[in-house]
Amino acid sequence: MTPNETPPACPAQEQQAECLVPPASADPAASAPKTTRRDFLKAGGTLSLSSLMGAGALMAQSDDAHAAAEWAEHFQKNYRLMTDAEKAEARVRLERRYSQEYGKPVTVDTTGPQPGVLMGYALNIRKCIGCRRCVHACVEENNQSRGKRPGEKIEWIQVLRMERGKFEQGKMDHGYPEGLGIQVGGNAYTPAGQVLEGQYHYNPEKVPEQDATYMPIACMQCEKPPCVKVCPVRTTYREADGPVVIDYNWCIGCRMCMGACPYWARRINLTNPVLPKEEMNPVTHYLGNRPRMRGVVEKCHWCLQRTRHDRYPACVEVCPVGARKFGNLLDPESEVSKILERKNVFRLKAELNTFPKFFYFYD
Amino acid sequence: MKKIAIYTVILALCGGTLYAVSAADKAVEPAPAAAPKEPVVCFESRKGASDINQQEIKPGLPNVKCSPTTGAALWYGDPYHGTVPMGKMPQMDIPEGKAVVVPRSEKLALMPMCGTACHNGVGPQFNPPTLPKSRKPAPVPTMEAMVPDLKDLQHGRGRIWCMDCHHTTQRNKLVDHYGDPVSFDQPQLLCGKCHGDKLRDWRDGIHGKRIGEFTSTGKKRWFTCTECHNPHNVQDGARNRGFVQLQPEPSPQLPKGMKDAKHELLHPIAH
């Protein structure tokens, strides 16, 4: 079809496969055009493809699970378009590969969203003491790269230390521009109260410090996520139960999402991830904490491998002050629903209309 | 000259290898008994007061992983390890077995002594009995030596005293409104006497900490008041929250080429 030709309309059900009208449903698996990538390749070059497939069949039979998996992954569809059979196939392939690679039985979960669940998160910003335990619990759970060299250490949660500013008598004559007295701005230019101008690399002997407040930041799992809007290969998307996830196999590493995210939540594997065998968490989810490869973006997914089976995320479980709360927003009895009902709640950068499902609150 | 040097190096290497082999043989001969591994102890919220022993619950799966830097619990393999049912709590309708706690009594170092040695009320030193007859504060040098925080008890700003929380005659129990004993495993029944708003939030899961299943009907391990807060030390000049200070976990990796994080201390707006 040339670009000038208009796509044919869809008169009958059986012609659906040729129809190029965009799907009405938001669920691409339900309404995607039936022309698959594989069909296209078949039509394009039967000869070269058949030779490739032959080689693939040979390689798939080899005992090297890694090579077979690599090969099969080249022909794998976007996770949202995969049928249940294809998902099961991918799961078996990955489990075999990871088990061989890490020397222990690894499970790759493909559990989908549970009906009636919309995950939500709340964080008591007055409680946080800045101990960074959530940061490191997340690394224990989610198989991030933990090497020593630059770019090899990835952490999804950032804890921001913010100082408490104050107004001072001695600065009454100071103003802005500096040295010219009060012309544009006055003493009130001193950062006072909580400003988003903090330190990530603070390292005192003991926390909490008296002159500081702490603000942990991770993926906010927005209802209108800017990262999803910009992804050119549509590999990152919002799951039906809330979290924004990434199909790592389809990520091309362009980092558009990292630029789009207003919460600095996304990380890229610039190098081959460094994940020692003994530290690897063998309970994984396909869209969650399975080991990533070089050149893909990753981020917090609210521990899908846990939360899809009703368990709290890892960061919630280790917070020594109980500042972190997680629950089902659709259940009025859940912890998060009660917080929204009763406490003073705000969303970070609410003015951007990203509608995060991560809420900050205070007593 | 160079050749000699090379031969020397090779000789030295051979010698080293031989020595290593013989040393290995020696080590094998006496067959050293596999020394029992030092149990790894990490703490949950309060260092020294909420310790947890690391154990293997399944091959390769520890009940808890600890931070190598600070010794803090970082990851729970089994959130219900070592728990018992919480028991009936007023105004909490949780089905039996859905709410569990880790008993604290066995972790309290002075607990076994309190009720037997001095404070059983019948020992010879209590003849005549010296148990306080009123709830008026009186300095007790022995106790102050054992628990230094008592010298200047900040809880209640000097308005409350030991006997407001500890039972008069059963010293390894706490006390409720009516003077009835309360177990050390259920301090919420005591703390809620004054901190009713916090108790209400705790009951609803807004205050405090639970681990396990997040659904409102799921099984959870509840953390009780004293697992996070030290009632003897609630105020301290060097902090501004109701928790003791802790060593933080290591800071994130610096960006490539950056030697330190001093740039973070510079404000973009001069002041």
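When reading the values below, keep in mind they use all heavy atoms of this one structure, side chains included, and skip hydrogens, waters and symmetry mates. Predicted model, so just to flag it, every value in this text is computed and none were measured.
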Could you check which of [options] has the highest count of heavy-atom pairs closer than 4.5 Å to chain A?
{"options": "G218(B), C228(B), A73(B), A261(B)", "value": "A73(B)"}
{"options": "R46(B), E44(B), K219(B)", "value": "E44(B)"}
{"options": "V64(B), D201(B), D197(B), I206(B)", "value": "I206(B)"}
{"options": "T215(B), T217(B), L74(B)", "value": "L74(B)"}
{"options": "H207(B), K256(B), E249(B), H229(B)", "value": "E249(B)"}
{"options": "T69(B), T70(B), L246(B)", "value": "L246(B)"}

Select, from [options], the one with the greatest count of heavy-atom pairs under 4.5 Å involving chain B.
{"options": "V316(A), T307(A), V117(A)", "result": "T307(A)"}
{"options": "D331(A), V321(A), V336(A)", "result": "V321(A)"}
{"options": "R126(A), H309(A), K153(A)", "result": "K153(A)"}

Quiz item: Can R133(A) be said to sit on top of F43(B)'s aromatic six-ring, NZ or CZ under 6.0 Å from centre and within 45° of the ring axis?
Solution: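 Cation-pi check for R133(A) and F43(B): passes.
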Taking atom [atom1] of [X] and atom [atom2] of [Y], what is their separation to the nearest 0.5 Å?
{"X": "S216(B)", "Y": "K338(A)", "atom1": "OG", "atom2": "NZ", "result": "8.0 Å"}
{"X": "R311(A)", "Y": "F214(B)", "atom1": "CZ", "atom2": "CZ", "result": "12.0 Å"}
{"X": "E140(A)", "Y": "Y76(B)", "atom1": "CD", "atom2": "OH", "result": "13.0 Å"}
{"X": "S251(B)", "Y": "E155(A)", "atom1": "OG", "atom2": "CD", "result": "8.5 Å"}

Which atoms of [X] come close to chain A, meaning under 4.5 Å heavy atom to heavy atom: side chain ones, backbone ones, both, or neither?
{"X": "L61(B)", "result": "neither"}
{"X": "P255(B)", "result": "side chain"}
{"X": "K65(B)", "result": "side chain"}

Self-check item: SB check R342(A) D204(B) (cutoff 4.0 Å)
Solution: yes
Quiz item: Is it true that E317(A) and R210(B) have a side-chain N and a carboxylate O under 4.0 angstrom from each other?
Solution: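 No salt bridge links E317(A) with R210(B).
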Do [X] and [Y] come within less than 4.5 Å of each other through their side chains, counting heavy atoms only?
{"X": "Q247(B)", "Y": "P204(A)", "value": "no"}
{"X": "P252(B)", "Y": "R132(A)", "value": "yes"}
{"X": "E264(B)", "Y": "Y202(A)", "value": "no"}
{"X": "W75(B)", "Y": "E141(A)", "value": "yes"}

Practice problem: Could you tell me whether a side-chain N or O of Q253(B) sits under 3.5 Å from a main-chain N or O of R149(A), the two making a donor and an acceptor? | Solution: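 Yes, the answer is positive, given that a donor and an acceptor are paired below the 3.5 Å cut-off.
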Quiz item: Are Y312(A) and E213(B) close enough, and set up right, to give a side chain to side chain contact (heavy atoms under 4.5 Å, CB included), and what steps lead you there?
Solution: CA-CA 6 Å; Y312(A) 278 113; E213(B) 292 172 354; over 6 Å; no
